[in-house]
Amino acid sequence: MTAAPARPRLVTLSSVELADHLGEALDVYVAAMGYPPGTARQRRNLWLEHTRRAGWRCVGWMDPGGHLIGIAYGYSGGPGQWWFEEVRRGLAARGAARDPAQPDWLHDYFELTELHVRPDAQGSRLGEGMLRALLDGVRHRMVLLSTPEYAPRAPGRAWRLYRRLGFEDVLRDHRFTGDSRPFAVLGRTLPLPPAPERG
């Protein structure tokens with residue numbers, strides 16, 4: 001009889017534990033996003049600063065050897081934060097901030113800041129597992145995130161995950177200050193729907 005291969009385990013990480021695994025976490029981020037290796041060095045202090053924000057929480061997947069293969073974190077969003085101000089600017093430019101028919105997306109939200117799975121571990125719903133674990137028990141009314149636009153390519157795994165879980169468009173083709181790439185801002189109300197039964 002052949003033993004089943006050891007599966008990764010989903011873990012909750014404290015700020016100290018993330019700091020201990022920060023090199024691995026940033027390697028996952030760089031590989032998943034296709035960024036040049038030097039990006040990890042640039043993001044290190046920012047990720048550590050984020051751990052001190054209100055409502056910060058973090059989860060990850062560990063392989064059987066104790067190495068991170070997935071990372072996700074976020075915190076309570078609000079005025080004065082760079083991302084909040086950038087999204088508010090984008091909404092105001094499109095007139096959405098003054099449209100009473102639009103939800104007040106920037107009120108009472110959790111910012112899903114990072115969610116990444118190492119490319120060789122993608123395709124096994126690890127991203128969905130992290131997303132559900134991260135948002136379980138979050139006491140905000142909504143969750144918001146930004147992700148690179150995919151056109152002209154077909155939507156990738158991250159986009160399919162967000163759409164499957166009911167995330168809708170808040171802002172499309174948005175340019176954050178200092179980045180020429182177009183991003184989408186997506187959001188949905190909380191809590192997430194229950195995970196479907198798998199037979």
Side-chain angles (χ1 to χ4, degrees), residues 10-33 35 38-62 68-92 97 103-118 126-148 158 161-162 165 167-168 170-171 174-179 181 183-192:
L10 186 60
V11 297
T12 300
L13 297 170
S14 69
S15 57
V16 172
E17 289 167 327
L18 177 62
D20 288 344
H21 290 276
L22 191 56
E24 291 176 11
L26 288 166
D27 286 346
V28 170
Y29 162 74
V30 167
M33 295 295 286
Y35 289 151
T39 309
R41 189 171 55 255
Q42 298 167 2
R43 303 292 287 190
R44 183 177 191 84
N45 288 337
L46 180 63
W47 282 33
L48 291 173
E49 188 272 324
H50 285 168
T51 67
R52 297 189 288 274
R53 295 197 175 177
W56 181 88
R57 48 171 60 198
C58 180
V59 298
W61 284 103
M62 293 271 193
L68 275 177
I69 59 172
I71 187 72
Y73 77 79
Y75 45 79
S76 302
Q81 296 172 357
W82 179 84
W83 194 88
F84 174 97
E85 299 300 340
E86 288 284 310
V87 174
R88 181 163 64 178
R89 173 181 59 80
L91 289 171
D104 186 0
W105 287 108
L106 293 179
H107 176 70
D108 191 20
Y109 74 93
F110 180 84
E111 181 187 324
L112 175 59
T113 312
E114 305 291 350
L115 190 151
H116 308 286
V117 177
R118 204 173 64 197
L126 299 184
E128 181 174 347
M130 284 193 300
L131 183 55
R132 288 185 176 280
L134 186 69
L135 296 178
D136 185 39
V138 165
R139 300 198 181 279
H140 291 286
R141 193 166 58 92
M142 289 178 290
V143 56
L144 296 177
L145 63 90
S146 55
T147 189
L161 167 63
Y162 300 139
L165 292 182
F167 282 79
E168 59 184 279
V170 176
L171 193 57
H174 178 62
R175 263 65 173 188
F176 287 97
T177 300
D179 197 327
R181 297 169 304 156
F183 279 79
V185 177
L186 307 178
R188 65 152 293 135
T189 56
L190 290 173
L192 293 181

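For the atom pair Tyr73 OH and Leu112 CG, the distance stands at 10.0 Å (nearest 0.5 Å). Between atom CG of residue Asp108 and atom OG of residue Ser76 there is a gap of 8.5 Å, rounded to the nearest 0.5 Å. Taking CG of Asp27 as the start and OG1 of Thr39 as the end, the distance is 11.0 Å to the nearest 0.5 Å. The CZ atom of Arg118 sits 13.5 Å away from atom CH2 of Trp61, with the distance rounded to the nearest 0.5 Å. Distance check, rounded to the nearest 0.5 Å: CG of Leu165 to CG of Leu186 gives 11.5 Å. Rounding to the nearest 0.5 Å gives a distance of 9.0 Å between CG of Leu192 and CG of Asp136.
Phe110 and Val138 make their closest contact through CB-CG1, 3.8 Å (heavy atoms, listed as atom of the first residue, atom of the second, distance). Residues Thr51 and Ser15 share a closest heavy-atom pair of CB-CB, 3.7 Å. Here the shortest heavy-atom pairing between Ala32 and His116 reads CB-CB, 3.9 Å. Across Ala133 and Leu10, no two heavy atoms sit closer than the pair CB-CD2, 3.6 Å. Taking every heavy atom of both residues into account, Leu68 and Val28 meet most closely at O-CG2, 3.6 Å. When all heavy atoms of Leu161 and Gly127 are compared, the pair lying nearest together is CD2-C, 3.9 Å.
Under the rule for a salt bridge (Lys or Arg N to Asp or Glu O under 4.0 Å), Glu24 has no partner lying at least two apart in sequence or in another chain. In this view, Arg57 satisfies the salt bridge (Lys or Arg N to Asp or Glu O under 4.0 Å) rule with no residue, not counting sequence neighbours.
Evaluation of the salt bridge (charged side-chain N to carboxylate O under 4.0 Å, His left out) test over residues 71-86, restricted to residues two or more places apart or in two chains, returns Glu85-Arg88, Glu86-Arg89.
Taking 4.5 Å as the limit, every side-chain heavy atom of Val87 sits out of range of all side-chain heavy atoms of Leu144. You'll find the side chain of Arg188 reaches within 4.5 Å of the side chain of Val143, heavy atoms only. In this structure, the side chains of Leu26 and Ile71 stay at 4.5 Å or more apart for every pair of heavy atoms. In this structure the side chain of Phe167 reaches within 4.5 angstrom of the side chain of Leu131, judged on heavy atoms. Annotation: side chain of Arg43 is in contact with side chain of Glu114 (closest heavy-atom distance under 4.5 Å). Considering only heavy atoms from C-beta on, Leu145 stays 4.5 Å or farther from Leu115 through its side chain.
Inspection of the Trp83 and Ser146 side chains reveals an N or O donor paired with an N or O acceptor under 3.5 Å.
No donor-acceptor pair under 3.5 Å is formed between the side chain of Trp47 and the backbone N or O of Leu22. A donor-acceptor pair is defined here as one N or O able to donate and one able to accept, closer than 3.5 Å; no such pair exists between the side chain of Arg181 and the backbone of Pro148.
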Q: In sequence, state the C-alpha distance, the side-chain angles, and the governing distance for Trp82 and Leu46, and then conclude on side chain to side chain contact (heavy atoms under 4.5 Å, CB included).
A: CA-CA 12 Å; Trp82 179 84; Leu46 180 63; over 6 Å; no
